[in-house]
A.B. asks: 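What follows is a structure written as structure tokens; I'll ask about it next.
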Amino acid sequence: MHPDHSSQPRPQPEPRRNTTPYGDELKARREQAGLTQQELADLAFMTRTHIAHIEAGRRIPSLSDARRLDEALQTGGVFARFLPDAKRRKVAKHFEAARELESQASMIREFGLTLVPGLLQTEGYMRAVFRAYFPVKSKQKLEEAVTARLERAHILEDPLTPHTTVLLDEAALRRPHGGPSVMAEQLRHIAGLAERDRLRLHILPFGVGCHALIESNLRLMWFEDMPPVAYNEGLHFGNLIDEEAVVLQCQTSYDLALGDALSHEKSLSLLREITEDYEHEHRSTGMA
């Protein structure tokens with residue numbers, strides 16, 4: 001008698017992996033070379049996490065990363081030549097290194113002094129910001145910048161990582177970039193992320209006065225397998241900081257400012273109030 005398998009659960013197919021041809025080729029070449037992800041990461045001076053993200057189709061390497069992969073796997077330049085979207089994914093030169101680290105971070109803490117941080121910006125808001133830049137961007141450069149910034153925000157589609165905390169000075173919410181309609185949309189977007197627990201939101205109200213981050217915006221990033229870094233940015237420059245003592249000072253400044261900020265719930269309440277003000281202004285003036 002054959003055993004009755006009718007009551008036994010059937011094996012379920014594995015979930016479909018959203019890989020890319022580029023990531024699949026990297027995995028195939030790595031396995032053909034008999035290397036683990038960690039061994040390839042060591043040879044290419046990258047992290048195992050970044051290798052895993054590229055193979056899974058979640059990240060696109062920088063040109064320098066692609067060249068190191070070619071050298072490590074002796075592919076004759078395959079990965080550098082066929083780097084996807086290389087022409088579309090343009091950011092300011094001084095931000096390149098920070099962008100690559102951003103895609104690998106397990107935790108990010110952002111502070112915006114007068115601007116909403118790029119990761120959280122809506123298209124209308126970023127267009128208003130880019131139009132105010134000098135020198136003026138051509139239409140093509142403007143579209144490239146918008147596309148690159150929107151693509152960066154995809155990392156927030158993962159429900160868990162990177163764990164994200166956003167600290168905003170009230171000034172970043174009150175300056176009406178693009179007008180009341182654009183600002184209302186921007187603040188609703190931030191509120192939506194906070195309400196879904198995709199980020200922790202804290203606002204430094206005007207009543208606080210001076211605080212530990214009053215002179216600069218700041219980004220802090222932590223990683224699974226390398227030391228944390230800090231990044232700050234000004235007019236036409238960016239500063240990526242990896243010196244341990246200075247990173248610790250930046251972390252301490254952030255913690256001090258965070259201690260002066262409103263709680264998550266009170267911050268959401270203030271954000272909604274400001275959003276309502278913008279919506280009322282838009283209705284009363286008819287501004288687009």
Side-chain angles (χ1 to χ4, degrees), residues 92 94-95 97-99 101-121 125 129 152-153 155-156 160-175 177 183 186-187 189-275:
H94 60 255
F95 185 63
R99 183 191 67 170
L101 290 173
E102 168 186 271
S103 69
Q104 303 172 48
S106 58
M107 181 167 70
I108 295 176
R109 286 189 166 191
E110 290 266 20
F111 170 64
L113 181 61
T114 58
L115 284 172
V116 171
L119 271 181
L120 306 181
Q121 290 178 7
Y125 184 96
V129 172
R152 285 176 51 213
I155 67 172
L156 296 178
L160 299 177
T161 58
H163 183 276
T164 306
T165 299
V166 176
L167 176 62
L168 297 173
D169 193 292
E170 188 174 347
L173 308 176
R174 294 289 187 183
R175 184 174 294 277
H177 300 284
M183 286 302 299
Q186 175 63 75
L187 300 194
H189 175 63
I190 297 172
L193 291 169
E195 288 164 352
R196 296 195 301 272
D197 293 325
R198 185 56 193 85
L199 57 81
R200 295 286 298 178
L201 175 67
H202 297 278
I203 295 174
L204 280 159
F206 285 142
V208 168
C210 288
H211 54 78
L213 294 176
I214 194 66
E215 293 183 318
S216 177
N217 62 353
L218 180 66
R219 164 180 292 188
L220 302 170
M221 293 181 280
W222 285 261
F223 310 89
E224 292 180 0
D225 45 15
M226 58 183 173
V229 299
Y231 177 80
N232 65 0
E233 191 173 65
L235 187 63
H236 306 306
F237 80 91
N239 187 22
L240 186 63
I241 304 164
D242 58 8
E243 184 179 344
E244 183 178 358
V246 182
V247 172
L248 181 58
Q249 290 174 1
C250 292
Q251 292 171 348
T252 302
S253 295
Y254 193 100
D255 288 342
L256 289 171
L258 188 61
D260 288 332
L262 299 176
S263 68
H264 178 77
E265 290 302 326
K266 289 183 178 180
S267 294
L268 260 176
S269 179
L270 177 57
L271 187 70
R272 293 181 185 119
E273 289 178 15
I274 299 173
T275 302

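Computed from a predicted model, the values in this text were never measured in an experiment. Starting from 1, each residue takes its place in the sequence as its number.
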A.B. asks: Could you tell me the separation between the CG atom of N217 and the CG atom of L168, rounded to the nearest 0.5 Å?
C.D. replies: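 Output value for this atom pair is 11.0 Å.
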A.B. asks: How would you list all residue pairs meeting side chain to side chain donor-acceptor pair (under 3.5 Å) that involve residues 252-262, not counting sequence neighbours?
C.D. replies: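 Every side chain to side chain donor-acceptor pair (under 3.5 Å) pair that includes a residue of residues 252-262, provided the two are not neighbours, is R109-D255.
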A.B. asks: State which residues pass side-chain hydrogen bond (donor to acceptor under 3.5 Å, both in side chains) with E273; sequence neighbours excluded, sorted by chain then number.
C.D. replies: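 With sequence neighbours excluded, E273 shows a side-chain hydrogen bond (donor to acceptor under 3.5 Å, both in side chains) to no residue whatsoever.
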A.B. asks: Looking at L271 and L187, what are the two nearest heavy atoms and their distance?
C.D. replies: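 In terms of heavy atoms, the two residues are closest at CD2-O, 3.6 Å.
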A.B. asks: What are the two closest heavy atoms between A212 and A257, and how far apart are they?
C.D. replies: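 Reported closest heavy-atom pair: CB-N, 4.1 Å.
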A.B. asks: Mind checking what makes side-chain contact (heavy atoms from CB on, under 4.5 Å) contact with T114, not counting sequence neighbours?
C.D. replies: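 So T114 forms no side-chain contact (heavy atoms from CB on, under 4.5 Å) with any residue.
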A.B. asks: Tell me every residue that passes ring-ring contact (aromatic ring centres under 6.0 Å, His included) with F223, counting only those two or more places apart in sequence or in another chain.
C.D. replies: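 With neighbours one apart ignored, the set is empty.
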A.B. asks: Measure the spacing between CG of D242 and CG of L101 and express it to the nearest 0.5 Å.
C.D. replies: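 Nearest 0.5 Å value for the CG-CG distance: 9.0 Å.
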A.B. asks: Quick one: OH on Y231 to CD1 on I241, what's the gap to the nearest 0.5 Å?
C.D. replies: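 Answer for the OH-CD1 pair, Y231 versus I241, is 10.5 Å.
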A.B. asks: With sequence neighbours excluded, what pairs up with A261 under the side-chain contact (heavy atoms from CB on, under 4.5 Å) test?
C.D. replies: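 In terms of side-chain contact (heavy atoms from CB on, under 4.5 Å), with neighbours along the sequence ignored, A261 is linked to L167, H202, L204.
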A.B. asks: The criterion is side-chain hydrogen bond (donor to acceptor under 3.5 Å, both in side chains); which residues satisfy it with R272, sequence neighbours excluded?
C.D. replies: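 Partners of R272 by the side-chain hydrogen bond (donor to acceptor under 3.5 Å, both in side chains) criterion, ordered by chain and then number, come out as E195.
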A.B. asks: Can you tell me how far CD of E233 sits from OG of S216, rounded to the nearest 0.5 angstrom?
C.D. replies: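 The OG atom of S216 sits 9.5 Å away from the CD atom of E233.
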A.B. asks: Can you list the residues that meet the side-chain hydrogen bond (donor to acceptor under 3.5 Å, both in side chains) rule with E170, with sequence neighbours excluded?
C.D. replies: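 Partners of E170 by the side-chain hydrogen bond (donor to acceptor under 3.5 Å, both in side chains) criterion, ordered by chain and then number, come out as R174.
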A.B. asks: If I compare all heavy atoms of A194 with all of H264, which pair ends up nearest, and what's the gap?
C.D. replies: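 Nearest pair, atom of A194 first, then H264: O-NE2, 3.6 Å.
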A.B. asks: Could you work out, with ring-ring contact (aromatic ring centres under 6.0 Å, His included) as the rule, every residue matching H189, not counting sequence neighbours?
C.D. replies: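 By the ring-ring contact (aromatic ring centres under 6.0 Å, His included) rule, H189 matches no residue at all.
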A.B. asks: Mind checking side-chain hydrogen bond (donor to acceptor under 3.5 Å, both in side chains) for H211 and listing every partner two or more places apart, or none if nothing turns up?
C.D. replies: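 Once residues adjacent in sequence are excluded, the partners of H211 under the side-chain hydrogen bond (donor to acceptor under 3.5 Å, both in side chains) criterion are D169.
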A.B. asks: With E102, which residues qualify under salt bridge (charged side-chain N to carboxylate O under 4.0 Å, His left out), at least two apart?
C.D. replies: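 Partners of E102 by the salt bridge (charged side-chain N to carboxylate O under 4.0 Å, His left out) criterion, ordered by chain and then number, come out as R152, R219.
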A.B. asks: Measure the shortest side-chain to side-chain distance between H177 and Q186 over non-hydrogen atoms and say whether it is less than 4.5 angstrom.
C.D. replies: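 The answer is no, as the side chains (C-beta and beyond) never meet within the 4.5 Å cut-off.
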A.B. asks: Out of curiosity, I203 CD1 to L270 CG, how far, rounded to the nearest 0.5 Å?
C.D. replies: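 Rounded to the nearest 0.5 Å, the CD1-CG separation comes to 4.5 Å.
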A.B. asks: Could you state the interatomic distance from NE2 (H163) to CZ (R200), rounded to the nearest 0.5 Å?
C.D. replies: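 Going from the NE2 atom of H163 to the CZ atom of R200 covers 7.5 Å.
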A.B. asks: Taking only residues two or more places apart in sequence, or in another chain, which ones meet Q251 in a side-chain contact (heavy atoms from CB on, under 4.5 Å)?
C.D. replies: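 Q251: side-chain contact (heavy atoms from CB on, under 4.5 Å) contacts with L220, W222, P228, V247, L248.
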A.B. asks: Can you name the side-chain contact (heavy atoms from CB on, under 4.5 Å) partners of T164, sequence neighbours left out?
C.D. replies: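 T164 satisfies side-chain contact (heavy atoms from CB on, under 4.5 Å) with L156, P162, V166, R198, L199 once adjacent residues are dropped.
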A.B. asks: Using every non-hydrogen atom in the two residues, find where L218 and C250 come nearest and quote the distance to one decimal.
C.D. replies: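 Distance-wise, the nearest heavy atoms are CD2-O, 3.7 Å.
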A.B. asks: Considering non-hydrogen atoms only, spot the tightest contact between Y125 and V116 and give its length.
C.D. replies: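 Closest pair (atom of Y125, atom of V116, distance): OH-N, 3.0 Å.
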